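Notes follow the structure.
Just so you know, ligand 1 is whichever comes first in the structure, and atom 1 is the first atom listed for that ligand. Computed from a prediction, not measured in an experiment: that's the story for all the values here.
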Amino acid sequence: MSQERRNPGRTGGNRGSDGRRGGDRDRRDERGRQRNRRSVGQRKFSASAPSQRTRATDPARLAAFRTLRAVTSDDAYGNLVLPEQIRRLGLNKRDAALATELAYGALRQQGTWDAVLARCVDRPLAKIDPPVLDALRLGTHQLLAMRIPDHAAIDQTVGLTRAEIGAGPSGLVNAVLRKVMAKDLESWLTELTQGQGEIDRLSVETSHPAWIVRALKQALAIHGRPASELPELLRADNEAPKVHLVALPGLADLSGALEQGAIPSPLVPGAAVSGGGDLHRLADVQDGTVRVQDSGSQLVARSMVAAEPVQSGERWLDLCAGPGGKAALLAAEAARHGAHLLANEVAEHRAGLVRQALETVPEQAWSIRVGDGREITAEDAQNSTGQTGFDRILVDAPCTGLGALRRRPESRWRRTPQDLAELTVLQTQLLATAADALKPGGLLVYATCSPHAAETAVAVDDLLRTRTDLTLVDAGPAARAAALPGALDGEADPTKAYAGPNSGRADAGATTLQLWPHVHGTDAMFVAHFRKRPVAKTDQA
Ligand SMILES: C[S@@+](CC[C@H](N)C(=O)[O-])C[C@H]1O[C@@H](n2cnc3c(N)ncnc32)[C@H](O)[C@@H]1O
């Protein structure tokens, strides 16, 4: 959590005996004039009307506001818009950090802030002009989640409204934010969640749509974690993820990053957690041999390599490679072992990113295919040796991303249960194609950055039901071989024995892997390993 962020619900020092913030409340009418002075108390607040207060919009708030606007109105991705705004407005490091906390914080906590705002306006939020609602969200985030003095939060937000939207709504913003600041976060949450059941309460408290809270609760259960971890998991989604680094095996080491304050990863070898220094100054980062990559993703790719000794000449396929994080790690490993990686990606611009990611790896170790992964065949594995079928295939499938919500601040509000229906069909088709393209005896690694049951345990079960030529094999030993000694032991054990409807099969008891942000500090990656065995066609379902 940001240093600037208030400890939610621990702002009592600034609270009156009635649970209101400050004990020094101020009431103004919509024009910012003070009224109802009996309840005003001693709050130190500018006596000037909004029209006389802050005129210049500070650039950090402007960058954050423009980011929220682009996300709300244009369906843009916050993590792409904000860096562009920071560049365009020429923010220094401090302002860039403030803009990031404001924009990402307001987007992540939009659910909580909207619940508060709904109590402070006299109409449904849907009837508020969207730019005004965005300004209110930014103001609320400053008041309830950051160590910004109330008067600065309100003055700046009113000034921003006046400059970017117009003088008209600035009075409304002023009036509403004063209602917001009348209570601290703890008091708001108590009021908002009174009488609610667990799911709705956590939905408001941790700012997640209720369907996602429900899905994550179920995911913890099916992957063998105690239900009591749910609040911690949800809170982890609201934390800014640490920046993890990988040194591509055989091409770089982490000495430069470690000198800059990075610390070695506790999870996987060849990885580090950035200490916050300017990574782009490092020569290894510039030439792409040291890359930013979540250590959970590193573990997934490394588990495919560690599953069994690599034979020279092996053909590997990364079926859904864009933007190329795992492909870069796999290609570097392929180069070391005399194997070859075909990296496939359907979206042309993402295939371009894969190319960039792979450029630093010796070119004989990889090639790129741009196309639908559902059209790949065993013949695509052919090389000079004429081998048909891949030895190892990674299907890092397009998914809901419910395990990486902390990375994409707005995604929880965009995703719907309907997405799940479409994505699970695509996942099934990609897995079927991969199974066909696999050599008998070959290894299929299925991964998602979602712990949702439909994309994990149910997907495994469906595959085992429809493909009798595949056997689920234990992912635990491969993951342990890929991880640092002891990193996956005890509380951090991410493995769970398969126990689906097919558990009477020989593969009952083989483990799949589920990582968690609140346990491993990674995205919630799921991994299952399958082995293809030679079967007569008539045996297949
Ligand atoms: C979860 S991402 C893969 C992340 C990647 N493995 C990495 O580590 O950087 C899924 C990718 O699958 C791609 N994709 C979606 N549909 C596909 C299809 N039908 N065939 C191949 N790739 C597809 C998406 O464009 C996206 O780049």
What protein heavy atom sits nearest [atom], and how far away is it?
atom                    : result
atom 12 (O) of ligand 1 : C320 CB, 3.3 Å
atom 10 (C) of ligand 1 : D396 O, 3.6 Å
atom 9 (O) of ligand 1  : G325 N, 2.9 Å
atom 25 (O) of ligand 1 : E345 OE2, 2.6 Å

Test your reading of the model: is there a side-chain donor-acceptor pair from [X] to the backbone of [Y], 3.5 Å cut-off?
X    : Y    : answer
R392 : V305 : yes
E379 : T388 : no
W211 : P417 : no
H452 : A454 : yes
S203 : I199 : no
K532 : A435 : yes

Among G373, G322, S297, closest by any non-hydrogen atom to atom 5 (C) of ligand 1:
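Comparing heavy atoms across G373, G322, S297, the nearest one to atom 5 (C) of ligand 1 lies in G322.
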
Selection from Q298, R350, Q427 by shortest heavy-atom distance to atom 26 (C) of ligand 1:
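Nearest option to atom 26 (C) of ligand 1, by heavy atoms: R350.
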
Indicate yes or no: does an N/O atom of [X] lie under 3.5 Å from an N/O atom of ligand 1?
X    : answer
P398 : no
K326 : yes
G324 : yes

Counting each atom of ligand 1 from 1 as listed, which ones have a heavy atom of [X] under 4.0 Å away?
X    : value
A321 : 5 (C), 6 (N), 7 (C), 9 (O)
V346 : 14 (N), 15 (C), 16 (N), 17 (C), 18 (C), 20 (N), 21 (C), 22 (N), 23 (C)
D372 : 18 (C), 19 (N), 20 (N)
A397 : 1 (C)
N344 : 21 (C)

Side chain, backbone, both or neither: the part of [X] lying under 4.0 Å from ligand 1 by heavy atom:
X    : result
C449 : neither
A301 : neither
L319 : backbone

Under the rule for ring-ring contact (aromatic ring centres under 6.0 Å, His included), what residues qualify as partners of H223, not counting sequence neighbours?
F526

Do the side-chain N and O atoms of E455 and T448 include a donor-acceptor pair separated by under 3.5 angstrom?
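There is no such pair between these side chains.
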
Side chains of E229 and H518: is there a donor and an acceptor less than 3.5 Å apart?
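The criterion, which ignores hydrogens and geometry beyond distance, is satisfied for H518 and E229.
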
Mark yes when over 12 heavy atoms from residues, nucleotides or ligands other than K242 sit less than 6.0 Å from its NZ; otherwise mark no.
no

I'd like to know whether CZ of R355 has more than 12 heavy-atom contacts from other residues, nucleotides or ligands below 6.0 angstrom.
no

